[in-house]
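Quick notes on the structure that follows.
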Amino acid sequence: MASNEFQPLQGMSDIQAPEVYLWRMMEERARAVFASYGYEEVRTPVLERLSVFQRSLGDTTDVVKKEMYSFTPSKHALAMRPEGTAGTIRHLAGRGEEGLGARVFYIAPMFRYERPQAGRKRQFHQVGVEATGEPNPLADAECIALQKNLLDAWGLAGARIQVSTRGEPSDRKPVAEGLRQALQPHVAALCEDCRRRIEENVLRVIDCKNEGCARVVDRIPSPLEFMGPAARDYLERVMQALSAMGIDVVVNPKLIRGLDYYVHTVWEISHAALGAQDALAGGGRYEIALGRKAVPGVGFAIGFERAIMALNACGIDGAQFAPPGGIWLVSLGEAALVENMKLARDLRARGIRCGMELDAKSMKAQMRKADRAGAEMVVIRGDEEIAKGTAVVKNMADGTQVELALENVLRDAQAG
RNA sequence: GUGAUUGUAGCUCAGUGGUUAGAGCGCCUGGUUGUGGCCCAGGAGGUCGGGGGUUCAAGUCCCCUCAUUCACCCCA
């Protein structure tokens with residue numbers, strides 16, 4: 001069983017029924033919700049030039065530095081996408097004028113070379129949207145509303161939305177400097193990692209899980225206090241719009257998002273049932289420079305694997321979305337086998353799900369198979385029925401059966 | 001990259017260094033000349049993750065390796 005050749009690669013998995021029914025439900029409902037907001041689907045390649053990710057995510061981020069599947073087959077270094085925004089913006093930027101003011105969504109696999117753990121795969125799947133255009137707090141609020149809408153459509157309860165801001169690009173230096181100064185007197189109380197982070201990435205100190213660090217962070221000003229009035233005003237207007245729409249969010253100044261492209265609003269959606277990796281979705285406003293153009297936009301991504309863990313915790317699983325069982329044909333004898341092939345063809349041509357055993361098996365075995373397949377109805381034919389042009393139709397739920405003329409079988413099956 | 005954890009039948013798991021490695025569920029066949037689920041009987045199915053070592057003897061002990069799961073780092 002555990003022989004390697006039958007196992008998918010580390011951190012990757014085969015998704016089969018019944019779980020795949022849940023995936024399908026999520027994809028279908030996502031498309032419906034996006035359609036209602038006027039978003040169009042975009043399918044960009046899995047492979048991009050490495051530089052697309054270096055420039056948008058930032059080439060000092062961990063994702064770019066050590067988590068990408070990258071290689072250089074010929075002239076350019078390539079990478080499999082670790083997230084969806086960079087490629088989507090690469091695409092929109094190439095559309096020039098019409099790429100601004102675009103609203104698109106994607107449902108696609110992403111790849112990161114990390115050690116797998118709960119809710120973290122090397123190939124994982126995200127549904128995400130991007131709305132480009134000049135910064136507008138209402139656009140950010142609408143984006144969060146859309147995301148919440150989608151989670152509701154899936155039936156997910158208990159999700160918690162936290163919002164913060166990264167401020168304007170010009171706020172970054174003052175925030176970093178301000179935090180460094182504020183932390184300076186408390187260096188001794190910080191964990192080893194955080195002492196390093198003060199220089200490399202101060203913001204990361206803010207969301208350190210270490211208790212000692214958290215106590216220090218509680219005593220120093222939040223990043224927001226080092227930002228200019230424009231940043232705080234922007235956040236205020238996002239919050240007002242959300243509250244007007246009745247969407248429950250909390251501001252958490254300690255919320256930090258790692259990717260470089262974020263400006264202003266950032267948010268994260270977490271769920272208590274998830275464990276250590278409790279964020280199932282994230283989003284934010286960004287500014288991505290590719291070539292000479294800087295594309296402004298706002299977007300979100302939801303991780304399928306993590307959303308599924310949360311849905312399971314809500315008692316929602318794939319079995320609930322299994323397709324109807326349809327009809328099972330039982331054949332007694334060679335002649336019936338061939339006749340049923342023809343009947344199956346006719347039923348399937350009418351869009352009816354229909355199965356049958358192709359090997360000559362006992363009736364008991366065929367009935368058992370029909371039961372396992374979840375068939376709602378069984379059509380039984382032997383030499384007698386074929387001679388008469390009839391079939392015995394059995395209702396599997398209540399066990400009743402009637403003999404019908406063949407054309408009536410087809411008519412009834414189609415009716416319902 | 002770091003630290004733990006687990007690996008025995010399709011699945012969930014038993015198995016004090018000592019015969020032909022077991023159970024439950026699932027699967028197949030029969031009990032019913034043409035009737036599923038429940039019940040009964042029988043059956044198939046195992047490189048004990050892989051490789052090396054210790055031993056008269058290894059699923060069991062040691063080393064290496066691969067994989068699982070969880071956590072760190074980081075992220076959805």
Side-chain angles (χ1 to χ4, degrees), chain A residues 1-13 57 60-68 81-85 108-128 147 191-194 196-197 200-201 204 207-210 256-259 267-271 274-284 299-310 325 328 330-333 336 359 361-385 391-401 403:
Chain A
M1 56 137 286
S3 69
N4 294 342
E5 56 261 59
F6 301 126
Q7 243 175 1
L9 291 172
Q10 187 173 39
M12 311 202 171
S13 44
L57 311 192
T60 60
T61 55
D62 277 25
V63 172
V64 169
K65 266 196 308 191
K66 48 182 218 194
E67 294 173 4
M68 284 211 290
R81 60 175 171 228
E83 55 87 78
T85 302
M110 308 292 165
F111 303 84
R112 287 185 201 176
Y113 189 79
E114 302 178 89
R115 290 287 289 273
Q117 74 186 69
R120 189 163 76 191
K121 294 278 186 185
R122 286 182 170 180
Q123 175 176 336
F124 60 105
H125 301 78
Q126 289 187 335
V127 49
Q147 194 174 18
C191 71
E192 209 178 307
D193 285 330
C194 282
R196 175 176 49 79
R197 287 180 182 128
E200 288 173 13
N201 196 351
R204 281 284 161 220
D207 70 345
C208 181
K209 286 172 194 159
N210 181 289
I256 302 301
R257 312 220 75 224
L259 276 16
W267 66 89
E268 210 166 86
I269 302 182
S270 55
H271 198 278
L274 254 43
Q277 255 61 49
D278 68 345
L280 65 93
F300 70 70
I302 304 175
F304 264 77
E305 285 80 359
R306 290 188 190 177
I308 285 170
M309 286 170 74
W328 194 267
V330 168
S331 328
L332 301 163
D359 296 321
K361 289 250 176 119
S362 74
M363 181 161 189
K364 186 191 181 88
Q366 293 186 65
M367 287 301 294
R368 198 161 40 222
K369 204 143 186 175
D371 190 45
R372 306 268 155 82
E376 286 147 6
M377 205 132 269
V378 166
V379 174
I380 303 161
R381 298 169 84 199
D383 293 339
E384 250 179 74
E385 286 80 8
V392 171
V393 175
K394 175 164 182 169
N395 178 320
M396 289 297 271
D398 59 24
T400 58
Q401 58 183 50
E403 186 165 349

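In the text below, chain A, chain B and the rest are named by the order of the sequence lines, each starting its count at 1.
Under the 4.5 Å side-chain criterion, counting only non-hydrogen atoms from C-beta, A:Pro116 is not in contact with A:Lys121. A:Val392 places none of its side-chain heavy atoms less than 4.5 Å from the side chain of A:Arg381. Taking the side chain as every heavy atom from C-beta outward, A:Thr400 and A:Lys394 never approach each other to under 4.5 Å. Annotation: side chain of A:Leu332 is not in contact with side chain of A:Asp383 (no heavy-atom distance under 4.5 Å). A 4.5 Å side-chain heavy-atom check between A:Phe304 and A:Gln126 finds every atom pair outside the cut-off.
Judged by the 6.0 Å and 45° rule, A:Arg122 forms a cation-pi pair with A:Tyr113.
Among the heavy atoms of the strands lying under 4.0 Å from A:Lys394 is at least one base atom, whether or not backbone atoms are also near. Within 4.0 Å of A:Leu259, counting heavy atoms only, lie sugar-phosphate atoms of the nucleic acid but no base atom. Across all strands, A:Asp62 comes closer than 4.0 Å only to sugar-phosphate atoms, never to a base (heavy-atom distances). Within 4.0 Å of A:Glu384, counting heavy atoms only, lies at least one base atom of the nucleic acid. Using a 4.0 Å heavy-atom criterion, one finds that A:Arg115 contacts the bases of the nucleic acid, with or without backbone contacts as well. Among the atoms of the strands shown, none is found under 4.0 Å from any heavy atom of A:Glu83. Looking at heavy-atom distances under 4.0 Å, A:Gln401 makes contact with a base. Within 4.0 Å (heavy atoms only), A:Ala281 reaches sugar-phosphate atoms of the nucleic acid but no base atom. If you check every strand for non-hydrogen atoms under 4.0 Å, A:Gly84 touches nothing. If you check every strand for non-hydrogen atoms under 4.0 Å, A:Arg257 touches sugar and phosphate atoms only. Across all strands shown, A:Glu268 has no heavy atoms under 4.0 Å from either base or sugar-phosphate atoms. Counting non-hydrogen atoms under 4.0 angstrom, A:Lys65 reaches nothing in the nucleic acid. Across all strands, A:Gly119 comes closer than 4.0 Å to base atoms (heavy-atom distances). At the heavy-atom level, A:Glu385 lies under 4.0 Å from base atoms of the strands shown.
A salt bridge between A:Asp193 and A:Arg196 is present, with a side-chain N of the basic residue lying under 4.0 Å from a carboxylate O of the acidic one.
Of the C1' atoms belonging to B:C13 and B:G3, the separation is 27 Å, rounded to the nearest Å. Taking the P atoms as reference points, B:C64 lies 25 Å from B:A14, given to the whole Å. Going from the P atom of B:G24 to that of B:U54 covers 39 Å, rounded to whole Å. Atom name P, nucleotides B:C27 and B:C73: the rounded distance is 45 Å, in whole Å. To the nearest whole angstrom, the two P atoms, one in B:G45 and one in B:U29, are 16 Å apart. As rounded to the nearest Å, B:G22 and B:G52 have C1' atoms that lie 28 Å from one another. Taking atom P in both B:A67 and B:G31, one finds a spacing of 49 Å when rounded to whole Å. The gap from the P atom of B:C70 to that of B:G10 amounts to 23 Å, rounded to the nearest Å.
Look at CE on A:Met12: it is 15 Å from C1' on B:A67, rounded to the nearest Å. Counting to the nearest Å, the P atom of B:G30 and the CE atom of A:Met367 are 15 Å from each other. In this structure, A:Asp207 atom CG and B:A76 atom P are separated by 12 Å, rounded to whole Å. At whole-Å resolution of the value, CD1 in A:Ile256 and P in B:A76 are 13 Å apart. Whole-Å rounding puts the A:Arg122 CZ to B:A67 P distance at 8 Å. Nucleotide B:G37 holds its P atom 17 Å from the CG atom of A:Asp398, rounded to whole Å. Rounded to a whole Å, the OH atom of A:Tyr113 is 11 Å from the P atom of B:U2.
With the nearest nucleotide of RNA chain B identified for both A:Ala365 and A:His125, A:Ala365 has the one nearer the 5' end. Map A:Ala397 and A:Arg372 each onto its nearest nucleotide of RNA chain B; the residue landing nearer the 5' end is A:Arg372.
In RNA chain B, runs of at least 3 stacked Watson-Crick or G-U pairs (N1-N3 plus N6-O4 or O6-N4, or N1-O2 plus O6-N3, all under 3.5 Å) give these stems: B:1-4 with B:69-72, B:10-13 with B:22-25, B:27-31 with B:39-43, B:49-53 with B:61-65.
Here A:His271 contributes atom NE2 and A:Asp278 contributes atom CG; the two are 10.5 Å apart, rounded to the nearest 0.5 Å. A:Glu192 contributes atom CD, which lies 11.0 Å from atom CZ of A:Arg197 (distance to the nearest 0.5 angstrom). In this structure, A:His125 NE2 and A:Phe111 CZ are separated by 6.5 Å, a value rounded to the nearest 0.5 Å.
Within the structure, every side-chain polar atom (N or O) of A:Arg368 is placed at least 4.0 Å from both OP1 and OP2 of B:G30. Under 4.0 angstrom from either OP1 or OP2 of B:U68 there lies no side-chain N or O belonging to A:Gln7. The phosphate of B:A71 has OP1 or OP2 within less than 4.0 Å of a side-chain N or O from A:Gln117.
Ring-base stacking between A:Phe124 and B:A76 is satisfied, the centre separation being under 5.5 Å and the plane angle under 30°.
A donor-acceptor pair under 3.5 Å links the side-chain atoms of A:Asn395 to the main chain of A:Ala397, judged by distance alone. The backbone N or O of A:Ala279 lies less than 3.5 Å from a partner atom in the side chain of A:Arg306, making a donor-acceptor pair. With hydrogens and angles ignored, the 3.5 Å screen pairs a side-chain donor or acceptor of A:Arg120 with a backbone N or O of A:Arg115.
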Every protein N/O within reach of nucleotides 39-45 of chain B N/O, cut-off under 3.5 Å:
none

